[in-house]
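See structure below.
Every chain is numbered from 1 and lettered A, B, ... according to where its sequence line falls, protein lines coming before strand lines.
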Amino acid sequence: MSIIVIGLNHKTADIELREKLAFSDTRIPEGVQGILNLPEMREIIILSTCNRVELYLYGDSAPETPDKVKLFLSDFHSVELDRLDRSLYTHTGLDAVRHVFRVASSLDSMVLGEPQILGQVKDAYNRALSMKSTGLMLNKLMKKAASVAKRVRTETKIAENAVSISYAAVELAKKIFQDLREEVFMLLGAGEMAELAARHLVNSGVKEIVVSNRTHERGCSLADEFCGRAVKFEDFKHELINTDIIICSTGAPEYVLRLKDMEGVMKERRNKPVFLIDISVPRNIDPKINNLDNVYLYDVDDLQNVVDSNLHERQREAEKADEIIDEEVAVFDKWCQSLDAVPTIIALRKMADKIKKEEMKKLSSKLNGVNEGDMKSIECAVTGIINKLIHPPTVALKESDEDRDLMISALTRLYGLNGKEPVD
Amino acid sequence: MTLLFELTLTFYFISTILGIVELIKGSSATARGLIIFSSIGFLLHTIHVLFRFFESGYIPVTSMHEAASFFSWSMVFLFFIVEYRYKIGLLGAFVMPLIFIMMLSSSIYPREIKPLSPVLQSYWLGIHTILAFTGDAAFAMACGIGIMYLLQEYFVKKKKLGSLFHRLPSLQILDEINYRLITIGFPLLTLAIITGALWAESAWGSYWQWDPKEVWSLITWLIYALVLHVRLRAGWRGKRAAILSILGFIVVIITFFGVNLLLNSLHGFV
């Protein structure tokens, strides 16, 4: 018996295959039931996101087991087995554990360190819990995966810096201004990317939103959307005196904001800092403006460079994260091995209980006229003796790592514990 | 007493090293270590200052050894206040070296307590020096914050957004703290100069004698007056304000060391 992962992700399968194999919410119970109908399988969780479909299984680790699961998937989703086989990966035992930890920690994600995956893993687990399709092993695995993901998040900087242009812009704004809620923001033009960046900025909260567009009607409707105020395009320069953050993408073929304009604005502003983001190509803001004191101008390439270096940084952090995961896999391994001792411990306890019951019966037939209270005290004492005798070997079995097998066989022979009970 | 001083010096040294490590590697453990070690150092330092106070009977600022030690004590004190108020984790890395060097320079001067000349024995001694040193310590913090501002400004302007960029606070808050510190330091310095003049009148019979220390204090005062003036009048903030606050502190240091060592001054501790 071991933990098995069978699945595919964005690296091994194209979107078409991923779509075909995805489990819709309504079909997951069906899939779970189908797998549990296989005699080899004890526990299952299905994780189905747009980038990956994975089955987390606990069951018979015989070499033909994965093929049976694949055959089921091929039937279930009506995909040829051949095609499926090329894209599916299988991990068993500790490799499977490591894989689950890496997925939950977002080390296997398309965008390294993206935060959604942990939530998706937790959702998949909760769904499995409500279907009661998990047991001891997968419960432990999922709880551990969540705590490993948390550890990776706090001990490395894998999720720290922005990896999209719009987030990079927000991040920069927060290093220029202390509190965005006190700043006035202007969206100049209505390019798609500018709108997206504006949305991120607005979501992190700004004091006031101003929209200015060459066609005023479009500007007005955008302003409504952002709960802001529309300004005629001819007037936007005047508005700059009160504006702290500007995202610009007008589609104009030339500069709409020149050095001289900005010099005047800065004088009027008494040098209060301004952050300009020029997303338009060709550029709409004269790059020389960046040379002015207290003016910070970023264009698309600048932001892209920021994103690239942040991604690079994340990759370096991923190496640290893998070290953490190695540690945690070892801890999990230790826990699995300690399970080997469970049947022996149970057998020992059963034997002790049996002896107790028999002896108590004998005693009560011998002693006549002992009242119930005294009998209770005697039973308590007997239970105490038994527990104290059993406790040290139990602890030793649970905690010893190297000679556990030896101890199990010794104990089995010493007490004659032949009938090994299965773990349940 | 010597042991107390050496221990303080050691703790400040460890804090400085931790600060440098924090600057390079950016781990929260070193940041916490810096606060812990500098707190212990500060505690020992306070005991040391109190010891000297009770032994001589007046505030221990009457030799170069004592003055430099008291100066760095005031800086640590102000550092804790700024840290408590604004929680700028990295500030320690920028001001601990300053504090350590000041303490180190204190250690090379003779340490014996000499009797104070009778003309200087006055309540003005305590008032004047505490005002002067607290003001100077505020300027020291403004200098540290100014350096942080210039670094962060450089990163944002040149688009070099490394790990230090992410750990430094926003430009706006650095500029704000810098301004706040100077508005605290300036009135203290002003009062120090006024009380100094009153004291001079009672001790030497004249308010102002164009003594080098007095002249340099005046220069310091003018520089910080300029910093405040151009900020309020012409909106000189950010980079220019940061540069001026660093320049200002250099003049403070010249006033403190240069004048005592190189020029013959009434303030000399001979």
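- When the shell of 6.0 Å around CD of A/Glu254 is examined, it contains more than 12 heavy atoms from other residues, nucleotides or ligands.
- Looking at every heavy atom in both residues, A/Tyr298 comes nearest to B/Phe155 through OH-O, 4.2 Å.
- Judged as a side-chain hydrogen bond (donor to acceptor under 3.5 Å, both in side chains), and not counting sequence neighbours, A/Arg270 has no contacts.
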Next item on the list: Let me see the working for A/Asn271 and B/Lys239 under side-chain contact (heavy atoms from CB on, under 4.5 Å), right down to the final yes or no.
Entry: CA-CA 11 Å; A/Asn271 286 316; B/Lys239 196 168 153 189; over 6 Å; no
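- For A/Leu292, the part lying near chain B is the backbone, with the side chain staying farther off; criterion is any non-hydrogen pair under 4.5 Å.
- With chain B as the partner, the residue from A/Glu171, A/Arg269, A/Glu313 showing the most heavy-atom pairs under 4.5 Å is A/Glu171.
- Within the 4.5 angstrom heavy-atom criterion, only backbone atoms of A/Asn291 (N, CA, C, O) approach chain B.
- At a heavy-atom separation below 4.5 angstrom, chain A is approached by no residue within residues 89-103 of chain B.
- Heavy atoms from other residues, nucleotides or ligands lying under 6.0 Å from NZ of B/Lys25 number 12 at most.
- With a threshold of 4.5 angstrom between heavy atoms, B/Leu168 approaches chain A through N, CA, C or O but not through any side-chain atom.
- Heavy-atom distances place no part of A/Phe275 under 4.5 Å from chain B, backbone and side chain included.
- Counting heavy-atom neighbours within 6.0 Å of B/Phe165 CZ, excluding the residue itself, gives a total above 12.
- Contacts between residues 143-166 of chain A and chain B, counted as heavy-atom pairs separated by less than 4.5 Å, involve A/Lys157, A/Asn161.
- Of the listed residues (B/Ser163, B/Gly238, B/Gly235), the greatest number of heavy-atom pairs within a distance under 4.5 Å of chain A belongs to B/Gly235.
- Atom OH of A/Tyr255 sits in a crowded spot, with more than 12 heavy atoms from other residues, nucleotides or ligands closer than 6.0 Å.
- Taking CZ from B/Arg167 and NZ from A/Lys175, the interatomic distance works out to 10.0 Å, rounded to the nearest 0.5 Å.
- The two atoms that bring A/Asn290 and B/Lys159 nearest to each other are ND2-NZ, 3.8 Å, heavy atoms only.
- Residue B/Gln152 touches chain A through its side chain alone, counting heavy-atom pairs closer than 4.5 Å.
- A donor-acceptor contact shorter than 3.5 Å is absent between the side chain of B/Lys157 and the backbone of A/Leu297.
- Interface with chain B: from residues 106-117 of chain A, no residue qualifies, criterion being any non-hydrogen pair under 4.5 Å.
- Heavy-atom distances place the side chain of A/Asp302, and not its backbone, under 4.5 Å from chain B.
- To the nearest 0.5 Å, atoms CZ (A/Phe177) and CD1 (B/Ile173) are separated by 13.5 Å.
- Atom OH of B/Tyr86 has more than 12 neighbouring heavy atoms from other residues, nucleotides or ligands inside a 6.0 Å radius.
- Between the A/Gln178 side chain and the B/Gln172 main chain, no donor and acceptor come within less than 3.5 Å of each other.
- Side-chain atoms of A/Leu172 and B/Leu161, non-hydrogen and from C-beta on, do get closer than 4.5 Å to each other.
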